[in-house]
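Note that this is a predicted model, so its numbers are computed, not measured. In what follows, residues are counted from 1 in the order of the sequence shown. These values consider heavy atoms only, across backbone and side chains, with no hydrogens, waters or symmetry-generated copies.
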Amino acid sequence: MAQIELKRVHGDFGFEAVDANGHTVKMDSSPESGGQDFGIRPMQMLLMGLAGCSAIDVISILKKQRQEITDYKMVVNGEREAGKEPSLWEDVDIEFHIYGNVDEDKAVRAAELSINKYCSVAATLSKAGAAIKWKVIVHPAQ
């Protein structure tokens, strides 16, 4: 069982969450709802979790295929439901930017496996109704 501890440490809504290994994340509400921009919004953290989860999958798959990855970046954009409480992620668009001597077909397949099979965060968001779209951009080594 995973455990985190959350404490209020800054203003009304500035929190720090700590996992069992001592890793810390700062969170806050938006200034429009009383926060002070102390940390990440909790809903943005879900998108960060999606990116991290999928990145681990994609890089692991490509390394097993002996692809030479020199750098890696993801851009994730999300749109939440309008006028609803709670307001869930409705549309999520992901760009995988993979740098190096990487076969594009293998990169696309790795992303597909991550989003549709391995990434637990992607599965969680999908089951909550989010439409996840993605594309892979391979930047060849110079």
Taking every heavy atom of V102 against every heavy atom of A107, the minimum-distance pair comes out as CG1-CB, 3.9 Å
Go through M48 and I40 one step at a time and tell me if the side chain to side chain contact (heavy atoms under 4.5 Å, CB included) criterion holds. CA-CA 10 Å; M48 290 178 175; I40 301 163; 3.7 Å; yes
Interatomic distance, OG@S114 vs CG@L50, rounded to 0.5 Å, equals 8.0 Å
Output for pair (W134 CH2, S54 OG), nearest 0.5 Å, gives 9.0 Å
Interatomic distance, CD@E95 vs CD1@I137, rounded to 0.5 Å, equals 4.5 Å
CE (M43) and OG (S30) are apart, to the nearest 0.5 Å, by 13.0 Å
Closest non-hydrogen atoms of V138 and P140, given as atom of the first, atom of the second and distance, are O-CD, 3.4 Å
Would you say I59 and I61 are hydrophobically clustered, going by side-chain heavy atoms of ILVMFWY under 4.5 Å? no
Indicate if Y118 and I69 have the same hydrophobic cluster label, given that clusters are the connected sets of ILVMFWY residues with side-chain heavy-atom separations under 4.5 angstrom. no
**OP:** Answer yes or no: is there a side-chain heavy-atom contact under 4.5 Å between H97 and H139?
**Re:** yes
Between I132 and I94, does the side chain to side chain contact (heavy atoms under 4.5 Å, CB included) criterion hold? Intermediate values first, please.
CA-CA 8 Å; I132 300 175; I94 303 169; 3.7 Å; yes
What one should report as the nearest heavy-atom pair of A111 and V136 is CB-CG2, 3.6 Å
Problem set entry | Residue pair L113, D57: steps toward the side chain to side chain contact (heavy atoms under 4.5 Å, CB included) verdict | CA-CA 8 Å; L113 285 169; D57 293 340; over 6 Å; no
query = Does any non-hydrogen side-chain atom of S29 lie less than 4.5 Å from one of R41?
reply = no
ask   = Side chains of R66 and L62: does their closest heavy-atom pair fall under 4.5 Å?
value = no
Tightest non-hydrogen contact, residues A110 and V58, listed as O-CG2, 3.9 Å
Is the backbone N or O of Q36 less than 3.5 Å from a side-chain atom of D28, with the two atoms forming a donor-acceptor pair by type?
yes
| Could K106 and E104 be called an ion pair, given the rule that one side-chain N must be under 4.0 Å from one carboxylate O? | no
Notebook entry, point to check: Does a side-chain heavy-atom distance below 4.5 Å link K133 with D91?
Noted result: yes
Practice task
Examine L125 and V76 and state if one hydrophobic cluster contains both, with Ile, Leu, Val, Met, Phe, Trp and Tyr joined whenever side-chain heavy atoms are less than 4.5 Å apart.
Solution key: yes
Determine, step by step, whether M27 and F38 satisfy the side chain to side chain contact (heavy atoms under 4.5 Å, CB included) criterion, reporting the C-alpha distance in whole Å, the side-chain angles of both residues, the deciding distance to 0.1 Å, and the verdict. CA-CA 7 Å; M27 289 181 273; F38 171 74; over 6 Å; no
TODO: Please check if atom CD in E112 has more than 12 non-hydrogen atoms from other residues, nucleotides or ligands closer than 6.0 Å.
DONE: yes
Q) Got I4 and V18 here, is their nearest side-chain heavy-atom distance under 4.5 Å? A) no
Does the side chain of V25 come within less than 4.5 Å of M45's, by heavy atoms?
-> yes
Quiz prompt | Under 3.5 Å: donor-acceptor pair, side chain of N21, backbone of H23 | solution = no
L46 versus W89: any side-chain heavy-atom pair under 4.5 Å?
yes
Worksheet item: Does any non-hydrogen side-chain atom of V9 lie less than 4.5 Å from one of F15?
Response: no
Rounding to 0.5 Å, atoms CD (Q67) and CD1 (I98) come to a distance of 9.5 Å
For I56 and S60, the nearest pair of non-hydrogen atoms, with its separation, is O-OG, 2.7 Å
Is the F96 ring parallel, tilted or perpendicular to the Y72 ring (thresholds 30°, 60°)?
-> perpendicular
Is V108 reachable from M74 through a run of hydrophobic residues whose side-chain heavy atoms are each under 4.5 Å from the next? yes
Closest non-hydrogen contact found for V121 with G49 is CG2-O, 3.8 Å
CD (Q65) and CG (D103) are apart, to the nearest 0.5 Å, by 8.0 Å
